[in-house]
Amino acid sequence: ADVYMRFLGGDQLALSLNGVPYTDMPPLYFWFLKGLDRLPHVDQPLLFFLGSALSAMLYISAIWLLARATGHDRRTAFAAGLLALTSFFVMGLTQSPNADLLFAAVIALSLACFYRGWIKAKAPLWLTLAFLLTGAAALIKGPLALAFPLIASVLFLFWRGTPGRLNGRDGLFGFLLMLLLIGAWLVMLYAAGQTDYIVDIFQRQLTGRIFDAGETAMPWWFYLAALPLVCLPWVLLLLFVNWWSAFKGAPAAWRTRRENGGSSWLWISLVAGVALLSALSAKSISALLPLLAPLAVLAGRSLLRLTPLRSRFYFFFTALLFLLLGLGLVAAHYHTKLLPLLPADWNARIGELPPLVFAWLDAAKNLVCMGG
C-alpha cells in the first residue's frame, strides 16, 4: 500500500517504499492497480483485493487456454482449472494482495502462445504475442521472468528435433518488441537519472537471486519438498496414477513428438522450471505458481484417465483427508478445552510451539464452522 501511494505521488517508474528505493519488482503491477483505481467506488483496501481476485480469474482462464492450446479437450481443460482453483495454495494467495497471480497468469499465457508458435512452420502472430507476454511478465516480477518460457522453448525445440526453428524470422519481430518493451522502461529510468536504481535492479534481481540471496537462501531441494505441499489437497493423485502405463507410452511419445507435442511441452516447462528455480540461491514458495499451470493440465488429464477402481480409491482417500482437516479445525477451535485432556508429555511438547501459534488460535473465529 505504501509503494502504491508513493506510486500515485509520482514514483511511477522507480518504485519506493518508506522513502527507500524498492527494486523487488518493476512497476507494471502498480499500473494495473491504477487502472482498477479508476473504477467507480473502488478504493483502498478493496483495490488491492480486487487486483488479486481479477488476477486469479485471469490465472485460471490462462490454465484453461494452456490446456486447449496444447491439444487437450474441454473436459481436461475444465478439470485443470478446477484443480488449480481449489488448491489451498491458490485459494490462500487470492486472499492477500500480491503480484504473483498476475505474473503467473501472464507466464501461462506466454507458454500457450509459444507452443502454438513453435509447432507451426511459420507463426508470426503467435510468437509476437508470446514474446510480448514474456516482456510484460518481466515488467511485473523482474528480468528472471524471461528464463521461464525461453528455456522451455529451447529444450522443446531440441526435443522435437527442430532447433533451427529458433532462427526463424517469424519470431524476430516479437523478440525485438520484447527487448524494446523492457528497454524502454530502462531508458526512461536512465533519462530520469535513476542509474543507481537500474544497477540495484540487476544486483538484486539477477546477481542476488542467483548467487547470494542472504536470508532467502534455501537448499537446492527446497522446491522438490514444497511442490507436494503446494498441490494440496490433490497431491494424493500421484499415488493412483498408472505410472507403469505412462512409462510404457514414452517410446510412442518420442515417435510422435512432432505431431503430438502438447504433453511434452507441459512436462518440459514444468521440469525446466523446477530445475531453474532450484539452481537459484533465493527461493520463495510463491515462485512455484507459474509452474502450477502446466502441472494442473497434466493433473487434470491424469484425473480423467483414472480407471473406475483407482478413481474410487483416490476420491475416498481425498475425502478422508478433508475429514481429518475438518476435525483438526474443530479441535483448533476448542483447543483451550482439549489441551488439558492430553497426556502431560504431549502438553509439554505443544507448549514448545511459538507463542504466535496460540495467539492466532485465540484470535481466529469460526474455525468450527470451517471444520464443519
Peer 1: Distance from Leu303 atom CG to Leu83 atom CG, nearest 0.5 Å?
Peer 2: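 The distance works out to 6.0 Å.
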
Peer 1: Where the side chain of His333 meets the backbone of Val330, is there a donor-acceptor pair that is under 3.5 Å apart?
Peer 2: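 Not confirmed, His333 side chain does not pair with Val330 backbone.
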
Peer 1: Atom CG of Leu157 and atom CD1 of Ile268: how far apart are they, to the nearest 0.5 Å?
Peer 2: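 If I round to the nearest 0.5 Å, the distance is 9.0 Å.
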
Peer 1: Quick one, Leu291 and Val230 - any side-chain contact, counting heavy atoms below 4.5 Å?
Peer 2: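 No - every pair of side-chain heavy atoms lies 4.5 Å or more apart.
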
Peer 1: Do Leu232 and Leu82 sit in the same hydrophobic cluster, where Ile, Leu, Val, Met, Phe, Trp and Tyr count as joined when their side-chain heavy atoms come under 4.5 Å apart?
Peer 2: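 No, Leu232 and Leu82 fall in different hydrophobic clusters.
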
Peer 1: Establish whether Leu66 and Phe89 are linked, either directly or via other cluster members, by ILVMFWY side-chain heavy-atom contacts under 4.5 Å.
Peer 2: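 They do share one cluster, since a chain of ILVMFWY contacts under 4.5 Å joins Leu66 to Phe89.
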
Peer 1: How would you list, by chain and number, every residue that makes a ring-ring contact (aromatic ring centres under 6.0 Å, His included) with Tyr223, sequence neighbours excluded?
Peer 2: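 For Tyr223 there are no ring-ring contact (aromatic ring centres under 6.0 Å, His included) partners, ignoring immediate neighbours.
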
Peer 1: How about Leu144 and Leu276: do any of their side-chain heavy atoms sit closer than 4.5 Å?
Peer 2: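 Of all side-chain heavy-atom pairs linking Leu276 with Leu144, none is under 4.5 Å.
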
Peer 1: Between Arg349 and Asp345, is there a salt bridge with N-O shorter than 4.0 Å?
Peer 2: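 No, Asp345 and Arg349 are not salt-bridged.
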
Peer 1: Could you check if a side-chain atom of Leu54 sits within less than 4.5 angstrom of a side-chain atom of Leu50, using non-hydrogen atoms only?
Peer 2: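 Result yes, sub-4.5 Å side-chain heavy-atom pair found.
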
Peer 1: Might you point out which heavy atoms bring Gly142 and Pro26 nearest each other, and give the distance in Å?
Peer 2: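 Looks like N-CD, 3.5 Å.
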
Peer 1: Are the side chain of Thr76 and the backbone N or O of Arg301 linked by a donor-acceptor pair below 3.5 Å?
Peer 2: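 Judged by distance alone, no pair lies under 3.5 Å.
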
Peer 1: Which pair of heavy atoms, one from Leu65 and one from Ala112, lies closest together, and at what distance?
Peer 2: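 Answer, listing the atom of Leu65 first, then Ala112: O-CB, 4.4 Å.
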
Peer 1: Can you list the residues that meet the ring-ring contact (aromatic ring centres under 6.0 Å, His included) rule with Phe114, with sequence neighbours excluded?
Peer 2: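 Partners of Phe114 by the ring-ring contact (aromatic ring centres under 6.0 Å, His included) criterion, ordered by chain and then number, come out as Trp118, Phe131.
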
Peer 1: Tell me, do Phe32 and Leu36 make a side-chain contact under 4.5 Å, heavy atoms counted?
Peer 2: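 SC-SC contact between Phe32 and Leu36 confirmed.
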
Peer 1: Is there a path of hydrophobic side-chain contacts, each under 4.5 Å between heavy atoms of I/L/V/M/F/W/Y residues, joining Leu146 to Leu102?
Peer 2: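 Yes, Leu102 connects to Leu146 through the hydrophobic network.
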
Peer 1: Considering non-hydrogen atoms only, spot the tightest contact between His335 and Leu361 and give its length.
Peer 2: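 Smallest interatomic distance, heavy atoms only, reads CE1-CB, 3.6 Å.
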
Peer 1: Could you verify whether a donor N or O on one side chain and an acceptor N or O on the other, from Thr70 and Trp265, lie under 3.5 Å apart?
Peer 2: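 No pair is found: no donor N or O on one side chain lies under 3.5 Å from an acceptor on the other.
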
Peer 1: Would you check if the side chain of Tyr29 reaches a backbone N or O of Asn98 as a donor-acceptor pair within less than 3.5 Å?
Peer 2: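 Side chain of Tyr29 to backbone of Asn98: a pair is present.
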
Peer 1: So, Asp37 and Tyr4: side-chain donor and acceptor under 3.5 Å apart, yes or no?
Peer 2: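 Per modelled atom types, Asp37 and Tyr4 side chains form a pair under 3.5 Å.
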
Peer 1: Does atom CE (Met91) have a neighbourhood of more than 12 heavy atoms from anything else shown, all under 6.0 Å?
Peer 2: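 Check passes, neighbour count above 12.
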
Peer 1: If hydrophobic clusters are built by linking Ile, Leu, Val, Met, Phe, Trp and Tyr wherever their side-chain heavy atoms come under 4.5 Å apart, do Leu236 and Leu324 end up in the same one?
Peer 2: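 No; Leu324 is not reachable from Leu236 via cluster members.
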
Peer 1: Counting only heavy atoms not in Phe358, do more than 12 sit closer than 6.0 Å to its CZ atom?
Peer 2: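 Counting neighbours around CZ of Phe358, more than 12 heavy atoms of other residues, nucleotides or ligands fall under 6.0 Å, so yes.
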
Peer 1: Any chance you could lay out the side chain to side chain contact (heavy atoms under 4.5 Å, CB included) test for Leu292 and Ile63, step after step, and finish with the verdict?
Peer 2: CA-CA 9 Å; Leu292 281 187; Ile63 290 175; 5.8 Å; no

Peer 1: Using a 3.5 Å distance criterion without hydrogens, assess whether the side chain of Ser110 forms a donor-acceptor pair with backbone atoms of Ile107.
Peer 2: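 Yes; at least one donor-acceptor contact below 3.5 Å.
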
Peer 1: Which heavy atom of Phe148 sits nearest to which heavy atom of Ala287, and what is that distance?
Peer 2: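 The answer is CZ-O, 4.3 Å.
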
Peer 1: Quick one: OG1 on Thr23 to CG on Asp200, what's the gap to the nearest 0.5 Å?
Peer 2: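 Rounded to the nearest 0.5 Å, the OG1-CG separation comes to 3.5 Å.
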
Peer 1: Are the side chains of Asp2 and Tyr22 in touch, meaning some heavy atoms are under 4.5 Å apart?
Peer 2: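 No, their side chains stay 4.5 Å or more apart.
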
Peer 1: Is there a path of hydrophobic side-chain contacts, each under 4.5 Å between heavy atoms of I/L/V/M/F/W/Y residues, joining Ile119 to Val154?
Peer 2: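 Yes.
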
Peer 1: With sequence neighbours left out, write down each residue that passes ring-ring contact (aromatic ring centres under 6.0 Å, His included) with Phe49, or none if nothing qualifies.
Peer 2: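 Testing Phe49 for ring-ring contact (aromatic ring centres under 6.0 Å, His included), a comparison that skips the adjacent residues, returns none.
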
Peer 1: Can you measure from OG (Ser55) to CG (Asp100) and round to the nearest 0.5 angstrom?
Peer 2: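 So the gap between those two atoms works out to 9.5 Å.
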
Peer 1: So which heavy atom on Leu129 is nearest to which on Cys113, and how close?
Peer 2: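 Taking every non-hydrogen atom into account, CB-SG, 4.0 Å.
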
Peer 1: Just wondering, do Pro21 and Asp196 contact through their side chains at under 4.5 Å, heavy atoms?
Peer 2: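 Not in contact.
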
Peer 1: Just by modelled atom types, is the His72 backbone N or O under 3.5 Å from a matching donor or acceptor in the Arg68 side chain?
Peer 2: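 Yes.
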
Peer 1: Run Val235 and Leu227 through side chain to side chain contact (heavy atoms under 4.5 Å, CB included) and show every step you take.
Peer 2: CA-CA 9 Å; Val235 68; Leu227 195 58; over 6 Å; no

Peer 1: Check the surroundings of atom CZ in Phe88: do more than 12 heavy atoms from other residues, nucleotides or ligands lie under 6.0 Å from it?
Peer 2: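 Counting neighbours around CZ of Phe88, more than 12 heavy atoms of other residues, nucleotides or ligands fall under 6.0 Å, so yes.
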
Peer 1: Quick check: are there more than 12 heavy atoms from other residues, nucleotides or ligands sitting under 6.0 Å from CZ of Phe322?
Peer 2: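 Enclosed: over 12 neighbouring heavy atoms sit under 6.0 Å from CZ of Phe322.
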
Peer 1: Evaluate side chain to side chain contact (heavy atoms under 4.5 Å, CB included) for Leu277 paired with Phe222, printing each intermediate quantity in order.
Peer 2: CA-CA 9 Å; Leu277 293 176; Phe222 172 81; over 6 Å; no

Peer 1: Only pairs at least two apart or in different chains count here, so list each side-chain hydrogen bond (donor to acceptor under 3.5 Å, both in side chains) that has a residue in residues 266-278.
Peer 2: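 Counting only pairs at least two positions apart or across chains, no side-chain hydrogen bond (donor to acceptor under 3.5 Å, both in side chains) contact touches residues 266-278.
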
Peer 1: Would you please indicate yes or no on a ring centroid separation below 6.0 angstrom for Tyr115 and Trp126?
Peer 2: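 They do not qualify: ring centres at least 6.0 Å apart.
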
Peer 1: I'd like to check Leu288 versus Leu295 (side-chain heavy atoms, cut-off strictly below 4.5 Å). Are they in contact?
Peer 2: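 In short, these two side chains do not touch, never coming nearer than 4.5 Å.
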
Peer 1: Could you please spell out the steps behind the side chain to side chain contact (heavy atoms under 4.5 Å, CB included) verdict for Leu320 and Leu323?
Peer 2: CA-CA 5 Å; Leu320 185 62; Leu323 176 63; 4.2 Å; yes

Peer 1: Would you find a donor on one side and an acceptor on the other, under 3.5 Å apart, between the side chain of Tyr314 and the backbone of Leu238?
Peer 2: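 No: the side chain of Tyr314 does not pair with the backbone of Leu238.
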
Peer 1: Hey, does Gln12 have a side-chain heavy atom less than 4.5 Å from the side chain of Phe30?
Peer 2: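 They are not in side-chain contact.
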
Peer 1: Considering non-hydrogen atoms only, spot the tightest contact between Ala108 and Ala293 and give its length.
Peer 2: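 So the minimum-distance heavy-atom pair works out to CB-CB, 3.8 Å.
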
Peer 1: Taking only residues two or more places apart in sequence or in another chain, which ones pass ring-ring contact (aromatic ring centres under 6.0 Å, His included) with Phe158?
Peer 2: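 ring-ring contact (aromatic ring centres under 6.0 Å, His included) check on Phe158 returns nothing, list empty.
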
Peer 1: Could you list all the side-chain hydrogen bond (donor to acceptor under 3.5 Å, both in side chains) pairs where at least one residue sits in residues 165-176, not counting sequence neighbours?
Peer 2: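 As it turns out, the side-chain hydrogen bond (donor to acceptor under 3.5 Å, both in side chains) pairs with a partner in residues 165-176, which skip direct neighbours, are Arg165-Asp170.
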
Peer 1: Which distance, rounded to the nearest 0.5 Å, do you find between the CG of Leu17 and the CZ of Arg6?
Peer 2: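 If I round to the nearest 0.5 Å, the distance is 7.5 Å.
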
Peer 1: For Phe78, look at atom CZ and say whether over 12 heavy atoms of other residues, nucleotides or ligands are found less than 6.0 Å away.
Peer 2: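 12 or below, so no.
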
